[in-house]
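Each remark here refers to the structure printed beneath this line.
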Number of protein chains: 2
Amino acid sequence: MDRKTRTRYEARARIIKAMAHPTRLFLVDQLSQRERCVCELTEMVGADISTVSKHLSLLKAAGIVTDEKRGTQVFYSLRVPCVLRFFDCVGAVMTSLAEEEREALLAG
Amino acid sequence: MDRKTRTRYEARARIIKAMAHPTRLFLVDQLSQRERCVCELTEMVGADISTVSKHLSLLKAAGIVTDEKRGTQVFYSLRVPCVLRFFDCVGAVMTSLAEEEREALLAG
DNA sequence: CCGCTATTTGACCGAACCGCCAATCACGAC
DNA sequence: GTCGTGATTGGCGGTTCGGTCAAATAGCGG
């Protein structure tokens, strides 16, 4: 794998990594419905506001969400809706995983 | 977020996390073409065979790939092709990211 | 200006991750 | 059986991640 190829896969991995956390998946899921302010998301998640804020800025840095300040609040919204398709595929993988485990059980 | 919801998002995150690494993305990409043995993949990646083996078993544990032992070699293949759609979306996110940066540049 | 609320940022610390090395296991050839 | 090759596993440093706390910043109302 040459240097250029490696760089390309690293860039891709950075974006997927941004999705690879339960709280951030939840946030993306919520933002797919409509924009929400940090305080609202914080209440939904049930964690410290600084934690949620950091997750959101990570998603923003990855290019997945955008923010817009209105008065004293900051509203986040989903910028790239195609990430929602991750969920479908993840469902397929989970099915595959269950199958694999069943096969292993039968084999053993 | 109640306990059940959290568990569901954790399960999803585990699978996405399995994809969130440049080497593993590369492996998935290669396996989308055809099955390959560990030694072949190792040579392509250019890392220690133990490293590649661990990445592959991680992908397997996530349900994304399967392995089949034939003689002294182990062949891995892609089990859930839909993960390839990740790449398209990642491309879209990268475009969005470039846009966002350009906007920030103009605004600043 | 001050106080209040919403949010971000920095420091800290435990946990998880990554890559290499060595040891081990599995298989085929002899 | 021994040897050689392919692959997995365990362990060890170094790095990154995630959550919490405290401090800093930003906007609004008085």
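Each chain gets a letter, A, B and so on, in the order its sequence line appears, and its residues count up from 1. Scope of the values below: all heavy atoms of this structure, side chains included, with no hydrogens, waters or symmetry mates.
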Original post:
Where do Val83(A) and Leu78(A) land on the side-chain contact (heavy atoms from CB on, under 4.5 Å) test, with the steps shown first?
Top reply: CA-CA 9 Å; Val83(A) 293; Leu78(A) 193 56; 4.1 Å; yes

Original post:
Across the strands shown, which category fits Ser50(A) at heavy-atom distances under 4.0 angstrom: base, sugar-phosphate, nothing?
Top reply: base

**OP:** May I ask you to evaluate whether His21(A) reaches the phosphate of dA16(C), defined as a side-chain N or O under 4.0 Å from OP1 or OP2?
**Re:** no

Subject >> Arg24(B) side-chain N/O to dC18(C) phosphate OP1/OP2 under 4.0 Å >> reply: yes

Original post:
Does Thr23(B) make a side-chain donor-acceptor contact with the base of dC18(C), cut-off 3.5 Å?
Top reply: no

Original post:
Tell me: NZ of Lys69(B) to P of dT8(D), nearest whole Å?
Top reply: 7 Å

**OP:** Give a yes/no on whether any side-chain N or O of His55(B) is located under 4.0 angstrom from OP1 or OP2 of dC17(C).
**Re:** no

**OP:** Looking only at side-chain atoms of Val38(A), point me to the closest of dC20(C), dG19(C), dT7(C).
**Re:** dT7(C)

Original post:
So if you build clusters from Ile, Leu, Val, Met, Phe, Trp, Tyr with side-chain heavy-atom gaps below 4.5 Å, do Ile49(B) and Leu59(B) land together?
Top reply: yes

**OP:** Nearest whole angstrom, please: distance from the C1' of dC28(D) to the CD of Gln73(A).
**Re:** 12 Å

Subject >> N-O pairing of Arg6(A) and Glu10(A) below 4.0 Å >> reply: yes

**OP:** Specify the separation, in whole Å, of atom NZ of Lys54(A) and atom P of dC13(C).
**Re:** 14 Å

Original post:
Taking NZ from Lys17(A) and P from dT15(D), how many angstroms apart are they, rounded to a whole number?
Top reply: 15 Å

**OP:** Return the 5'-most residue of the pair Gly71(A), Leu58(A) with respect to DNA chain D, ranking by each residue's nearest nucleotide.
**Re:** Leu58(A)

Original post:
Cation-pi between Arg70(B) and Phe75(B): NZ/CZ under 6.0 Å from ring centre and within 45° of the ring axis?
Top reply: yes

Original post:
What orientation do His55(B) and His21(B) show, parallel under 30°, tilted 30 to 60°, or perpendicular over 60°?
Top reply: tilted

Original post:
So, is Tyr76(B) close to the dG6(D) phosphate, meaning a side-chain N or O under 4.0 Å from OP1 or OP2?
Top reply: no

Subject >> Whole-Å distance separating the CG atom of Asp48(A) from the C1' atom of dC13(C) >> reply: 16 Å

**OP:** Could you check how far CG of Leu56(B) sits from P of dG6(D), rounded to whole Å?
**Re:** 16 Å

**OP:** Grab the CD-C1' distance between Glu40(B) and dT5(D) for me, whole Å please.
**Re:** 16 Å

**OP:** Starting from P on dA24(D), measure out to CD1 on Ile49(A) and report it in whole angstrom.
**Re:** 18 Å

Subject >> Side chain of Thr72(B) (C-beta onward), nearest among dG19(C), dT5(D), dT7(C) >> reply: dT5(D)

**OP:** May I ask you to verify if any side-chain N or O of Thr51(B) is less than 4.0 angstrom from the OP1 or OP2 atom of dC18(C)?
**Re:** no

